[in-house]
Amino acid sequence: MSKKLILSIAAVCLSTAMGSAQALDGAALFKNPQKGGCTACHGKDAKSPIMPMYPKLAGQNSAYLLQQLKDIKSGKRNNGMTAAMKGIMHMVNDDEMKAISDYLATLKP
Amino acid sequence: MKFKSKLASGLVIAGLSIMMSTSAFAWNEGGGEKDEAMHLTPDLENGREVYEVCSACHYPEGWGTEDGTFPQLAGQYRAVLIKQLADIRERNRDNPTMYPFALPESIGDAQALADVVEYISTLPMNPDNGKGQWAEGTAEFTQGKKLYDDNCVKCHGDHGQGDKVKFYPRIEGQHYKYMLRQFEWIRDGKRRNANPDMVKQIKAFSDKDMQMVINYVSRIKVDKKDLAPSKDWKNPDFD
């Protein structure tokens, strides 16, 4: 394999990786009404929910958040205030839920 | 016997009036917070502040989402918006996602309803609302227009303008998928504050009829003076 080819393959891989990282900006997803409008309930900073019934999310573990998101979306978890959230869960897919969870985990509680 | 029959007819009348008042309540009972908000003098500045809560889902522009999860609010009549807000607050329209935001604890009292609706009335409409799949010239579009003319014009008007005095919503320019969902809920009895006349009118609509008529409505051209200059317009009141 020529050096040039290897380099161009590497470049393609890199740009693909960057492309998907760019496409899945957890912070932007979290604030996007097209992706559920998370901030409406949980606050722009993810720690000022509009009602005390809603959880603060900033600094929560990513794995825990992702599992709750998946369970609320599937209906497996349907207690508490999930009725309010279920209606918007079709707006995010698994990768987006992961990106949002990762972003929230990076925030200071 | 005479007494008994009088009593019986009295009971029938009482029962009937309860039934009637219940159905009036479900669609559009007078009085209450709705009337109160309708008659208050709105404070636009406070309306802008209240709207910030709404903007997290309905967008700062009030345009909602094309996938229909959140409807466009821009362009809707004051009376319609106040009625729907008051109905959601009173649990006369089930909307678990919006319910917490409609509560007085979140947005305030009847004055806040008057204020926020006044603010929404300043927003220009989305020039690029979500549309159904059938363009003008297709058989489905034509059939949808026919269904509209035969069933909907009387209340929603010849171009989907509705009637602000009678609380009939403006439907031109609304997202296809939002209207489809609401139409289905109204037809199937899930929208508790639906107008009973409409429920009756659309009872026989098949799913395809419903898609065709809503497709047509989603493609009605809204008067340019009510639209934002471009689909990239941003509301300067919010960053």
Side-chain angles (χ1 to χ4, degrees), chain A residues 23-58 68-97 100 103-104 107, chain B residues 49-74 85 88-89 91 93-108 112 116 120 123 126 128-130 175 177-178 180-182 184-185 190-191 231-232 234-235 238-239:
Chain A
L24 292 182
D25 175 347
L29 291 168
F30 183 70
K31 293 178 180 120
N32 186 354
Q34 207 88 249
K35 295 294 165 191
C38 316
T39 60
C41 292
H42 298 284
K44 280 183 188 154
D45 58 3
K47 53 186 161 192
S48 321
I50 60 149
M51 299 200 304
M53 296 284 286
Y54 293 137
K56 299 176 182 180
L57 305 173
Q68 299 310 309
L69 282 166
K70 286 183 173 169
D71 288 350
I72 291 169
K73 184 173 180 175
S74 73
K76 204 182 225 177
R77 179 179 164 186
N78 65 356
N79 63 338
M81 299 296 288
T82 54
M85 188 155 152
K86 180 95 185 350
I88 52 98
M89 289 308 296
H90 65 277
M91 301 173 99
V92 283
N93 63 32
D94 283 5
D95 291 340
E96 290 163 341
M97 289 193 273
I100 292 169
Y103 162 70
L104 292 170
L107 301 176
Chain B
E49 271 174 45
V50 172
Y51 187 74
E52 193 162 355
V53 174
C54 320
S55 73
C57 294
H58 293 280
Y59 274 95
E61 293 72 36
W63 290 0
T65 54
E66 199 189 326
D67 83 342
T69 304
F70 307 124
Q72 164 158 244
L73 305 176
L85 268 165
I88 291 170
R89 275 156 90 111
R91 294 180 178 249
R93 174 177 173 182
D94 298 317
N95 189 335
T97 301
M98 180 161 156
Y99 181 68
F101 304 103
L103 290 174
E105 296 92 292
S106 296
I107 60 169
V116 75
I120 293 168
L123 300 171
N126 183 351
D128 191 30
N129 66 302
H175 299 297
K177 286 186 181 164
Y178 174 74
L180 197 64
R181 186 170 77 247
Q182 299 304 317
E184 186 175 6
W185 285 358
K190 278 178 74 180
R191 257 281 294 259
K231 65 180 163 79
D232 302 317
K234 294 283 172 230
N235 184 352
F238 295 89
D239 45 35

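Note: hydrogens, waters and symmetry copies are ignored here, and every other heavy atom, side chains too, is used. Naming: A, B, ... by sequence-line order, numbering from 1 per chain.
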Residues passing the side chain to side chain donor-acceptor pair (under 3.5 Å) test with B/E61, sequence neighbours excluded, are none
Please examine the side chains of B/T69 and A/I88, heavy atoms only from C-beta on, and report whether any two atoms are closer than 4.5 Å.
-> yes
Report yes if some heavy atom in the side chain of A/F30 is under 4.5 Å from a heavy atom in the side chain of A/L57; otherwise report no.
-> yes
Sort out for me which of A/K86, A/H90, A/K31 touches chain B most, counting heavy-atom pairs under 4.5 Å.
-> A/H90
Give a yes-or-no answer on whether the side chains of B/Y59 and B/Q72 include a donor-acceptor pair shorter than 3.5 Å.
-> no
Using non-hydrogen atoms and a 4.5 Å limit, figure out which bit of B/E52 sits close to chain A: side chain, backbone, both or neither.
-> side chain
What part of B/F70 gets closer than 4.5 Å to chain A, counting heavy atoms only: side chain, backbone, both or neither?
-> side chain
Name all residues meeting the side chain to side chain donor-acceptor pair (under 3.5 Å) criterion together with B/N95; count only those two or more places apart in sequence or in a different chain, and write none if there are none.
-> none
Contact residues of residues 38-45 of chain A (partner chain B; heavy-atom separation under 4.5 angstrom) = A/T39, A/A40, A/C41, A/K44
So, does B/K190 use its side chain to make a donor-acceptor pair with the main chain of B/D94 at under 3.5 Å?
-> no
For B/R89, check salt bridge (charged side-chain N to carboxylate O under 4.0 Å, His left out) against everything at least two apart and list the hits.
-> B/E33
Give the member of A/M85, A/M81, A/M91 that has the highest number of heavy-atom pairs under 4.5 Å with chain B.
-> A/M91
Report yes or no: does B/H175 contribute a side-chain atom to a donor-acceptor pair with the main-chain N or O of B/G130 at less than 3.5 Å?
-> yes
